[in-house]
Amino acid sequence: MNCGLAKMMYRWLSRFLRVRRMVSLVLACTAWMPQAQAADKESAGWRMNVPNGYRQAYEDEGQTLVLTPANPEQFLVRFTYHSLKDYVKERPKVGREFIEHLAGKKGLKTFAVEGNGGVAYLEPPVVSEQDGGRVQETAGGLGLDDAYVTFTVMIDEASMSDPVVKELLRSGIQVLLGRIHSAPG
C-alpha cells in the first residue's frame, strides 16, 4: 500500500477513534429503533445482519451502526463503515491490506473473520471512569476487500459477570463482525 496513504489513513483513524470514545455513551441513548433481524443500509454501502435481541440505531447518515443488548446498560458496540471502492481496481483487497498494516504498526495480530472473509484486530481493553462508574473499552478494525470498519465496544464493568457480556467477550464480537458485508456494486 502507498506509504503516504497508509500514514494519512492511520492518523485520521487514530483521531477518529479518540473522538468516538468521548461521545459514544451519550449518543447511544438517542433514537433507538425497534429490535430487528436485519440492518440494511445499502445506500450507505454496507449491511449487517443484526442478531435478534439487539437494539440498533444509525448515525452519520447510515455510516455508523450502534448496537446494544435489550439492557443497554450492559454494553454498547459501535461500527463505522469506510468504503474504499475507489481503490479496488488498483488493489483488490485494499481494506484487508489497510487493517493488516494498521495492526502491524500497533504491534497487534489480525485474525480471520468467518462469514465475510475479512480480517480484524482488537486492541487491549482500556478502563476509564464515566458517570461515576468504570467502563471497559476495546477498539478494533475489520478489513473487507473493498472497505474497512472501525469499531468500539464499551462494557460497564458492573456487568462483566452477566452471561450476555461473557458471551460477547467469548465469541460475540467475532460473530458480529462476520455479519458485516459491503453492499454489492
Side-chain angles (χ1 to χ4, degrees), residues 13-39 41 46-60 62-82 99 102-103 105-116 118-144 148-181:
L13 180 60
S14 295
R15 279 188 230 132
F16 177 78
L17 288 175
R18 278 191 297 248
V19 170
R20 282 285 181 202
R21 288 178 183 149
M22 301 288 284
V23 298
S24 60
L25 282 179
V26 174
L27 294 176
C29 296
T30 62
W32 288 109
M33 294 170 56
Q35 292 183 27
Q37 288 188 1
K41 275 297 187 182
W46 69 304
R47 67 184 191 282
M48 179 180 196
N49 184 13
V50 178
N52 287 331
Y54 280 87
R55 300 172 89 182
Q56 60 191 25
Y58 282 99
E59 300 170 350
D60 305 326
Q63 295 302 117
T64 300
L65 174 63
V66 180
L67 297 179
T68 65
N71 177 2
E73 302 288 318
Q74 295 169 314
F75 65 85
L76 140 89
V77 185
R78 179 184 309 281
F79 301 96
T80 302
Y81 179 86
H82 307 273
I99 290 300
L102 190 58
K105 285 192 75 100
K106 294 178 177 221
L108 301 170
K109 294 186 186 251
T110 59
F111 57 89
V113 177
E114 290 185 36
N116 60 18
V119 295
Y121 71 86
L122 285 171
E123 295 180 9
V126 175
V127 177
S128 63
E129 298 283 332
Q130 289 188 1
D131 299 325
R134 292 174 55 88
V135 175
Q136 177 178 304
E137 183 174 356
T138 301
L142 164 68
L144 303 171
Y148 69 96
V149 177
T150 55
F151 60 93
T152 56
V153 181
M154 298 185 72
I155 303 171
D156 181 351
E157 278 205 330
S159 300
M160 293 299 279
S161 62
D162 189 289
V164 173
V165 173
K166 285 183 177 181
E167 178 60 29
L168 176 75
L169 295 173
R170 184 173 29 260
S171 63
I173 295 170
Q174 291 86 342
V175 169
L176 290 173
L177 291 174
R179 291 172 171 256
I180 298 172
H181 299 274

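These values consider heavy atoms only, across backbone and side chains, with no hydrogens, waters or symmetry-generated copies. The structure displayed is predicted, hence computed values, not measured ones.
In terms of heavy-atom proximity, P125 sits nearest to Q136 at CB-CG, 3.5 Å. For the pair V50 and R179, the tightest heavy-atom approach, listed with the atom from each and the gap, is C-NH1, 4.1 Å. Heavy atoms only, all atoms of each residue included: G118 and L144 are closest at CA-CD2, 4.4 Å. Smallest separation of non-hydrogen atoms from Q74 and S159: CA-OG, 3.6 Å. The minimum heavy-atom distance between A120 and L177, with the atom names listed, is CB-CD1, 3.9 Å. Nearest heavy-atom pair, Y121 versus K109, reported as atom, atom and distance to 0.1 Å: CB-O, 3.7 Å.
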Step by step, work out the side chain to side chain contact (heavy atoms under 4.5 Å, CB included) result for M48 and L67. CA-CA 11 Å; M48 179 180 196; L67 297 179; 3.9 Å; yes
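Side-chain atoms of I155 and M160, non-hydrogen and from C-beta on, do get closer than 4.5 Å to each other. Y54 is not listed as a side-chain neighbour of V77, based on a closest heavy-atom distance of 4.5 Å or more. At least one side-chain heavy atom of L122 sits under 4.5 Å from a side-chain heavy atom of F151. Residues V165 and D156 form no side-chain contact, since every pair of their non-hydrogen atoms from C-beta on lies 4.5 Å or further apart. Inter-residue side-chain proximity for L76 and V66 is flagged as met; some heavy-atom pair is nearer than 4.5 Å. The closest side-chain heavy-atom distance from E59 to R78 is below 4.5 Å. Put simply, the side chain of L65 reaches to within 4.5 Å of the side chain of W46, judged on heavy atoms.
With rounding to the nearest 0.5 angstrom, the CD atom of E137 is 5.5 Å from the OG1 atom of T152. The CD1 atom of I99 lies 9.5 Å from the OG1 atom of T110; values are rounded to the nearest 0.5 Å. For the atom pair CG of L108 and CG of L102, the computed distance is 8.5 Å after rounding to the nearest 0.5 Å. To the nearest 0.5 angstrom, D162 atom CG is 12.0 Å from E73 atom CD. A distance of 10.5 Å separates CG of L142 from NE2 of H82, quoted to the nearest 0.5 Å. A distance of 9.0 Å separates CG of N49 from CZ of R47, quoted to the nearest 0.5 Å.
Residues passing the ring pair (Phe, Tyr, Trp, His ring centres under 6.0 Å) test with F75, sequence neighbours excluded: none. Evaluation of the salt bridge (charged side-chain N to carboxylate O under 4.0 Å, His left out) rule for E167 yields R170 as partners, not counting sequence neighbours. When the salt bridge (charged side-chain N to carboxylate O under 4.0 Å, His left out) test is applied to E157, the partners found at least two apart in sequence or on another chain are R134.
Judged by distance alone, with hydrogens and angles left aside, the side-chain atoms of Q63 form a donor-acceptor pair with the main-chain N or O of Y81 at under 3.5 Å.
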